[in-house]
Amino acid sequence: MEKLNKLPKIYLTAVFIILYAPIFYLIFYSFNSGGGMSNFESFTLEHYAAVFEDTRLLVILINTIIVALLSALISTAIGVLGAIAILFMRNKAMRNAVLSLNNILIVSPDVIIGASFLILFTMIGVKLGFASVLISHIAFSIPIVVIMVLPKLQEMSPTLIDAALDLGATKRDVLTRVIIPFIKPGILAGFFLALTYSLDDFAVTFFVTGNGFSTLSVEIYSMARAGITLTINALSGLIFLITVVLVIGYYMISRKAKSPLAGVRK
């Protein structure tokens with residue numbers, strides 16, 4: 001029995017090693033003073049310095065952060081309103097249909113979503129660049145926010161809204177003073193998750209970028225096609241670190257959202 005109990009742990013350990021070993025191998029050689037990944041000569045930060053000295057890369061980094069922040073903010077606002085609208089739909093069949101359509105967008109392949117947006121932007125005459133990338137990131141982030149906020153809304157007792165209305169609160173007051181504070185952990189979790197998805201996205205962005213506009217994921221792909229350099233290792237290491245920080249923030253917020261006292265803490 002003890003051996004059987006250890007099997008899941010051994011399996012998970014093996015999976016994590018397979019998944020993370022290449023990443024840590026890449027990061028390890030980002031500190032190599034040599035020019036390749038076959039022999040580690042000595043420790044250096046020159047490749048990280050090269051990343052920050054490259055003006056073009058810094059511009060692309062700023063573009064990536066701006067798109068991620070704007071798409072996360074806008075998609076969070078729309079997603080919260082969408083989740084509230086889904087919750088208060090009186091027609092159960094319609095509510096389930098809308099929720100199913102939302103979930104389908106989450107599991108749909110990024111290649112299909114990217115190609116669809118490319119065709120759409122071409123048909124309506126939208127130039128590929130900042131606007132097309134931002135719209136696409138907002139679109140695929142909204143379902144993520146909805147799925148994060150909706151469970152928190154379902155935890156809220158309807159008596160809270162009824163009590164607020166009985167005390168003379170307007171619909172706006174109910175939204176801003178009752179609903180939003182209660183689902184705040186879910187909103188923050190949705191925001192961080194949307195931010196992470198936007199920073200990491202490649203497939204959709206690859207289809208809709210153009211006119212000299214690029215993001216880090218697309219730029220790393222272009223650099224890798226020209227030949228692997230340790231600058232790519234350093235840049236990838238920085239992105240991995242940022243992603244880890246965001247995931248930890250998301251985990252902490254999700255943990256708070258699951259707490260039974262999360263809705264009443266001040």
Side-chain angles (χ1 to χ4, degrees), residues 15 18-20 22-23 26-27 51 56-57 59-76 78-79 82 100-148 189-229 231-247 250:
V15 169
I18 293 172
L19 290 175
Y20 283 93
I23 297 175
L26 179 147
I27 295 174
V51 171
R56 184 172 180 275
L57 272 180
V59 171
I60 293 173
L61 174 62
I62 293 172
N63 290 341
T64 304
I65 293 174
I66 290 175
V67 169
L69 286 174
L70 285 178
S71 64
L73 286 170
I74 297 173
S75 63
T76 299
I78 298 175
S100 297
L101 289 173
N102 181 82
N103 295 340
I104 288 173
L105 290 175
I106 295 177
V107 299
S108 295
D110 289 344
V111 173
I112 294 177
I113 296 175
S116 300
F117 274 115
L118 176 60
I119 294 171
L120 174 64
F121 293 142
T122 302
M123 289 176 58
I124 63 179
V126 175
K127 292 183 178 180
L128 300 182
F130 174 79
S132 62
V133 173
L134 179 61
I135 293 171
S136 301
H137 282 221
I138 292 172
F140 71 65
S141 296
I142 290 175
I144 298 171
V145 176
V146 170
I147 210 68
M148 294 301 299
F191 170 81
F192 276 104
L193 197 57
L195 184 67
T196 303
Y197 268 75
S198 179
L199 287 172
D200 291 343
D201 180 74
F202 167 75
V204 176
T205 308
F206 181 78
F207 278 95
V208 299
T209 192
N211 293 331
F213 183 86
S214 184
T215 62
L216 279 177
S217 58
V218 176
E219 181 64 18
I220 290 175
Y221 173 76
S222 301
M223 292 170 66
R225 290 186 63 185
I228 298 296
T229 66
T231 303
I232 297 177
N233 291 37
L235 185 57
S236 301
L238 290 172
I239 295 174
F240 177 75
L241 178 62
I242 293 172
T243 304
V244 168
V245 172
L246 291 175
V247 170
Y250 160 69

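These figures come from a predicted structure and were not determined experimentally. Hydrogens, waters and symmetry mates play no part in the numbers below; they use all other heavy atoms, side chains included.
Within the 3.5 Å criterion, the main-chain N or O of Thr64 finds no donor-acceptor partner in the side chain of Thr215. Between the side chain of Ser198 and the main chain of Leu195, no donor-acceptor pair closer than 3.5 Å is present.
No side-chain heavy atom of Ser108 sits under 4.5 Å from any side-chain heavy atom of Ile112. Side chains of Phe130 and Ile66 form a contact here, defined as non-hydrogen atoms less than 4.5 Å apart. By the 4.5 Å heavy-atom criterion applied to side chains, Asn102 and Ile106 are counted as neighbours. In this structure, Phe213 and Leu128 have side chains that are not in contact, with every pair of non-hydrogen atoms separated by 4.5 Å or more.
Residues Phe117 and Ser136 approach most closely at CG-OG, 3.7 Å, considering heavy atoms. Scanning both residues, Met148 and Ala189, for their nearest heavy atoms gives CE-CB, 3.8 Å. Among all heavy-atom pairs drawn from Phe207 and Gly114, the shortest one is CB-O, 3.4 Å. Closest of all the heavy-atom pairs between Ala72 and Phe191 is CB-CE1, 3.5 Å. Of all heavy-atom pairs between Ala203 and Val111, the closest is CB-N, 4.3 Å. For Thr209 against Val133, the heavy-atom pair with the smallest separation is CA-CG2, 3.9 Å.
With values rounded to the nearest 0.5 angstrom, Ile27 atom CD1 is found 9.0 Å from Leu238 atom CG. The CG atom of Leu216 sits 10.5 Å away from the CD1 atom of Ile62 when rounded to the nearest 0.5 Å. Distance check, rounded to the nearest 0.5 Å: CZ of Arg56 to CG of Leu61 gives 13.0 Å. Atoms OG and CG, from Ser116 and Leu120 in turn, are 8.5 Å apart once rounded to the nearest 0.5 Å. Expressed to the nearest 0.5 Å, how far OG of Ser217 lies from CD1 of Ile60 amounts to 10.0 Å. Distance check, rounded to the nearest 0.5 Å: CG of Leu199 to CD1 of Ile239 gives 8.5 Å.
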side-chain contact (heavy atoms from CB on, under 4.5 Å) between Asn103 and Val107, worked out
CA-CA 7 Å; Asn103 295 340; Val107 299; 6.0 Å; no
Assess whether side-chain contact (heavy atoms from CB on, under 4.5 Å) is satisfied between Phe121 and Ile135, documenting all intermediate values.
CA-CA 10 Å; Phe121 293 142; Ile135 293 171; 4.0 Å; yes
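With sequence neighbours excluded, no residue satisfies side-chain hydrogen bond (donor to acceptor under 3.5 Å, both in side chains) with Asn63. Under the side-chain contact (heavy atoms from CB on, under 4.5 Å) criterion, Ser75 pairs with Ile138, Ser141, Ile142, Val145, Ala194, sequence neighbours left out. Every residue meeting the side-chain contact (heavy atoms from CB on, under 4.5 Å) condition with Phe140, not counting sequence neighbours, appears here in chain and number order: His137, Tyr197, Asp201, Val204.
Between Phe206 and Tyr221, the ring centre distance stays below 6.0 Å.
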